[in-house]
Amino acid sequence: MDFFFIHLLNALLSAATLFLIAGGLSLIYGVMRIVNLAHGNIYAFGAYVTAWALGRLVAGTPTPVLYLVLPAGAVGAALLGSVLEPTLLRPFYKRAEEYQLLVTFGLLMILGDVMHFVWGPYPLSASALWENSGSLSIAGNPYPNYNLVVIAIGGFAAAFLWAFVYKTRFGIVLRATSQNMRMASALGVNVNRVYVQAFTLGCFMAGLGGAIIAPSQSAVLDMGVDALVLSFIVVVIGGLGSLEGALVGALIVGVVREAGIAWFPEIELAVLYLMAAIVLLVRPAGLFGRAS
Amino acid sequence: MSTLAVALEARSPAKLLVWVAPIVVVLLVYPWVATQYQAMLLAYGLVMAIAALGFNLLLGYTGLLSFGHAAFFGVGAYTVALMVKYLKVSSMELFLAGAIVASVLVAALFGVVCVRYTRIFFSILTLALSQVLWSLAFKFFWVTGGTDGLRVPTPALLGFATAKGDKMDFLSHTYYYYILVIFFACVALMWVIVNSPFGKALQSIRDSETRAEFVGVQVWHHRWVAFLVSGVFTGIAGALWVPLNGLITPDNLLWTFSGKIVFMTVLGGFRAFAGPIVGAVLYNYLEAAAVGNTVYWQFVLGTVLVVLVLSLPTGVVGTAGRLLERWRGRTA
């Protein structure tokens with residue numbers, strides 16, 4: 001039973017980061033109808049910025065200060081996003097989807113090597129925060145407290161986003177633009193501004209996902225490409241463009257991965273991709289998506 | 001449409017010969033004037049050209065962007081490697097036959113699933129299915145060697161030509177011509193396909209699915225056959241590629257490799273028949289130059305891709321055609 005509890009916590013842990021990455025991807029698709037292949041490396045960028053920022057601090061810095069530095073990656077990724085959208089993506093909204101995929105694929109390659117150039121080929125670890133947080137004991141097994149913090153951050157992010165999208169004026173504008181860009185524009189919404197804001201928010205989420213993973217798993221170069229396909233599975237299961245879908249999809253993928261690692265490690269990934277393919281076949285818009 | 005494309009698209013044999021004959025001559029004499037390395041590089045380019053040609057039947061002629069063509073390339077390549085490992089086969093013709101059978105099976109199955117959708121859903125579905133194969137190759141290491149991959153020795157061609165002595169010499173001459181013959185056959189076959197009534201039906205589907213359906217084209221069935229043919233071409237390329245490389249790893253099944261095939265096709269221009277061929281050969285040189293000169297080759301290629309898509313959406317062939325047209329207009 002306690003063994004089961006630890007598995008559940010691990011499932012929630014991977015669901016928390018997956019939700020942040022996939023939620024950002026889904027938000028961006030929902031508003032501007034772009035599948036952002038560069039999203040994976042924006043997540044990696046967040047991890048690198050946080051790992052770098054934590055690494056700059058002197059040894060022995062009190063843990064609360066370390067936690068204050070943690071969101072640096074999210075802020076960095078948001079800044080990056082706010083620059084990328086108007087310069088590189090804006091010329092492509094009127095072009096065919098193929099071009100959008102290609103340009104973001106190119107961006108994925110470029111960002112990967114920029115990180116390689118800035119932070120070098122070796123993993124950048126920031127384990128001080130993880131170590132300082134200590135651990136608690138679950139049925140005699142130590143479980144790192146930091147993981148519980150990550151789960152909590154994932155939960156808060158989901159609640160915060162829900163409130164943001166459904167309870168604020170900005171959320172209304174965002175949803176209106178997503179449903180009918182022309183109509184929103186005709187009613188006086190500055191669509192370009194909404195696009196920058198949505199893209200920045202999406203990148204902020206991916207960056208936060210990277211930031212919270214950095215202390216426990218280090219920042220490595222190919223983490224972005226790996227995370228991207230996993231978050232594809234999440235958004236395909238949940239429905240492209242739906243935040244609820246991203247949350248449910250992340251929970252499903254988190255649970256299946258954890259079960260897979262425990263009981264069927266050889267076909268863990270294959271099962272995930274097959275699940276995504278089956279959902280696409282049965283409900284092409286995903287569990288929570290609306291047919292366009 | 002651009003002049004070059006018109007010249008290539010128009011079925012006037014004389015005009016066609018003017019374009020094709022010099023290229024054929026260059027390809028034939030190349031291994032004798034270039035270094036072994038250069039000939040190998042061109043052989044890689046020709047193999048990828050077959051893959052891109054197959055891919056473009058979907059993108060350029062049917063209007064479906066597959067982000068999972070690494071699956072067929074990998075299936076072709078892994079079939080060869082597994083035939084070496086388990087059946088101790090060494091005949092290239094048997095390899096090709098095996099790769100064709102395997103890629104027909106996989107493409108037929110994937111096709112049934114994928115062609116029900118179009119646009120972004122098609123792209124993601126092909127990506128997801130190709131990732132299934134990648135994860136299997138990655139995890140079942142006792143069969144596939146995992147990330148170490150599987151080694152493939154140089155095969156026997158037509159039952160007699162084998163690599164006795166210099167392996168590089170064999171690959172850059174004998175095997176080069178073997179690839180060249182298959183390359184010509186594939187180009188000719190694809191030419192016949194896209195100019196056949198079937199090819200025209202595909203283009204009508206690309207331009208307007210609804211209208212194509214109204215004039216009696218069975219959209220679903222046509223897309224499925226196109227998917228099948230496309231997959232088999234790419235599978236053949238995979239089978240030809242393995243002996244050249246000597247090793248197959250799961251990297252060639254990963255979705256980023258699919259992205260490479262898309263990159264090549266767009267580089268050449270997916271609206272022209274010759275686009276994917278030119279694109280694949282060019283990309284190969286570009287990648288070799290970038291990898292040879294800097295560790296940041298992905299940055300170089302990514303920048304090329306972004307600039308290309310921003311400024312030359314019709315690719316190298318399309319742009320060259322337009323320039324040629326303008327030049328002719330000025331001199332006329």
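Order of the sequence lines sets the chain letters (A, B, ...), proteins ahead of strands, with each chain counted from 1.
- The contact between B/Leu125 and chain A is made by backbone and side chain atoms together, counting heavy-atom distances below 4.5 Å.
- In this structure, CG in A/Leu251 is found 9.5 Å from CG in A/Leu18, a value given to the nearest 0.5 Å.
- By the 4.5 Å heavy-atom criterion applied to side chains, B/Phe270 and B/Pro276 are not counted as neighbours.
- Only the side chain of A/Phe232 comes within contact range of chain B, with at least one heavy atom under 4.5 Å from a heavy atom of that chain.
- Contact annotation: the side chain of B/Leu253 approaches that of B/Tyr78 to within less than 4.5 Å [non-hydrogen atoms, C-beta and beyond].
- Between B/Ile248 and B/Asn252 there is a side-chain heavy-atom pair separated by less than 4.5 Å.
- Checking B/Tyr61 against B/Gln203 by side-chain atom types alone, no donor-acceptor pair falls below 3.5 Å.
- Residues satisfying the salt bridge (Lys or Arg N to Asp or Glu O under 4.0 Å) criterion with B/Arg116, sequence neighbours excluded, are absent altogether.
- If you measure heavy-atom distances from B/Leu127 to chain A, the contacts under 4.5 Å come from the side chain alone.
- Neither the backbone nor the side chain of A/Leu272 comes within less than 4.5 Å of any heavy atom in chain B.
- Scored by the salt bridge (Lys or Arg N to Asp or Glu O under 4.0 Å) test, B/Glu287 finds B/Lys260 as partners (sequence neighbours excluded).
- Taking CG from A/Asn36 and CD from A/Glu85, the interatomic distance works out to 10.5 Å, rounded to the nearest 0.5 Å.
- Residue-environment remark: CZ (B/Phe257) exceeds the threshold of 12 foreign heavy atoms within 6.0 Å.
- For B/Tyr296, the parts lying under 4.5 angstrom from a heavy atom of chain A are both the backbone and the side chain.
- For residues 117-124 of chain A, heavy-atom neighbours of chain B at less than 4.5 Å comprise A/Phe117, sorted by residue number.
- Residues B/Phe227 and B/Leu64 are not in side-chain contact: their nearest non-hydrogen atoms beyond the backbone lie 4.5 Å or more apart.
- Between chain A and the options B/Ser123, B/Gly259, B/Ala128, B/Ser135, the largest number of non-hydrogen pairs under 4.5 Å is found for B/Ser135.
- At a 4.5 Å heavy-atom cutoff, the contact between A/Val229 and chain B is made by side-chain atoms alone.
- For the ring-ring contact (aromatic ring centres under 6.0 Å, His included) test, residues two or more places apart in sequence or in another chain that qualify with B/Phe55 are B/His69.
- With a 4.5 Å cut-off on side-chain heavy atoms, A/Leu84 and A/Leu89 do not count as touching.
- Heavy atoms of B/Ser130 lying under 4.5 Å from chain A are absent altogether.
- Contact of B/Leu310 with chain A is made through backbone and side chain together, with heavy-atom distances under 4.5 Å.
- Interface remark: A/Val35 contributes side-chain atoms only to the contact with chain B (heavy atom separation under 4.5 Å).
- Using a 4.5 Å cut-off between heavy atoms, A/Ile233 does not touch chain B at all.
- Interface remark: B/Val266 contributes side-chain atoms only to the contact with chain A (heavy atom separation under 4.5 Å).
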